[in-house]
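Inspection log for the structure reproduced underneath, given as structure tokens.
Here the structure is a predicted model, which means the values were calculated and not measured.
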Amino acid sequence: MLIDKILQELQAIPEDKLAEIYDLIYYFRLGLSRESPQPRTPGLLTGKLSDTFFDPLPEEELQRWE
């Protein structure tokens, strides 16, 4: 059984490292019980954009992107 293999591996870990393993397992388990986050809906912004947002960029700035 898999749990037996895990326990066998744990027994081979030095005592001074067990706290790290415990934290890893504990926080992993806590993460499993969290609700999955809502998927991000693209395009939703707070506030408003002015029409200048859609103006073409100046040539100088376009050159920097290339």
Side-chain angles (χ1 to χ4, degrees):
M1 211 155 92
L2 187 56
I3 191 73
D4 294 328
K5 289 181 179 181
I6 293 170
L7 290 173
Q8 185 178 9
E9 290 296 329
L10 288 173
Q11 289 171 349
I13 294 174
E15 186 78 26
D16 63 327
K17 297 294 183 181
L18 288 178
E20 294 176 50
I21 297 299
Y22 174 80
D23 288 343
L24 175 74
I25 294 168
Y26 177 77
Y27 289 109
F28 178 81
R29 184 183 57 80
L30 286 181
L32 293 176
S33 63
R34 286 188 185 169
E35 288 185 33
S36 58
Q38 294 295 325
R40 182 182 173 281
T41 306
L44 295 180
L45 295 175
T46 57
K48 295 182 180 181
L49 296 174
S50 69
D51 290 337
T52 58
F53 178 81
F54 300 100
D55 288 349
L57 292 173
E59 187 63 33
E60 180 182 295
E61 191 167 342
L62 287 173
Q63 292 301 320
R64 284 186 264 164
W65 282 99
E66 291 180 2

Heavy-atom distance under 4.5 Å between the side chains of R64 and E60, does that happen here?
yes
For Y26, enumerate each residue passing the ring-ring contact (aromatic ring centres under 6.0 Å, His included) test, keeping only those at least two apart in sequence or located in another chain.
Y22
Could you pull out all residues at least two apart from T52 that satisfy side chain to side chain contact (heavy atoms under 4.5 Å, CB included)?
S50, D55
By side chain to side chain donor-acceptor pair (under 3.5 Å) - contacts of E59 (at least two apart):
Q63
Nearest 0.5 Å please: distance from the CG atom of L24 over to the CG atom of L18.
12.0 Å
Could you note down all residue pairs passing salt bridge (Lys or Arg N to Asp or Glu O under 4.0 Å) where residues 17-30 supplies at least one of them, sequence neighbours left out?
K17-E20
Residues which pass side chain to side chain contact (heavy atoms under 4.5 Å, CB included) with I21, listed by chain and number, not counting sequence neighbours
L10, I13, I25
With sequence neighbours excluded, what pairs up with E15 under the salt bridge (charged side-chain N to carboxylate O under 4.0 Å, His left out) test?
none
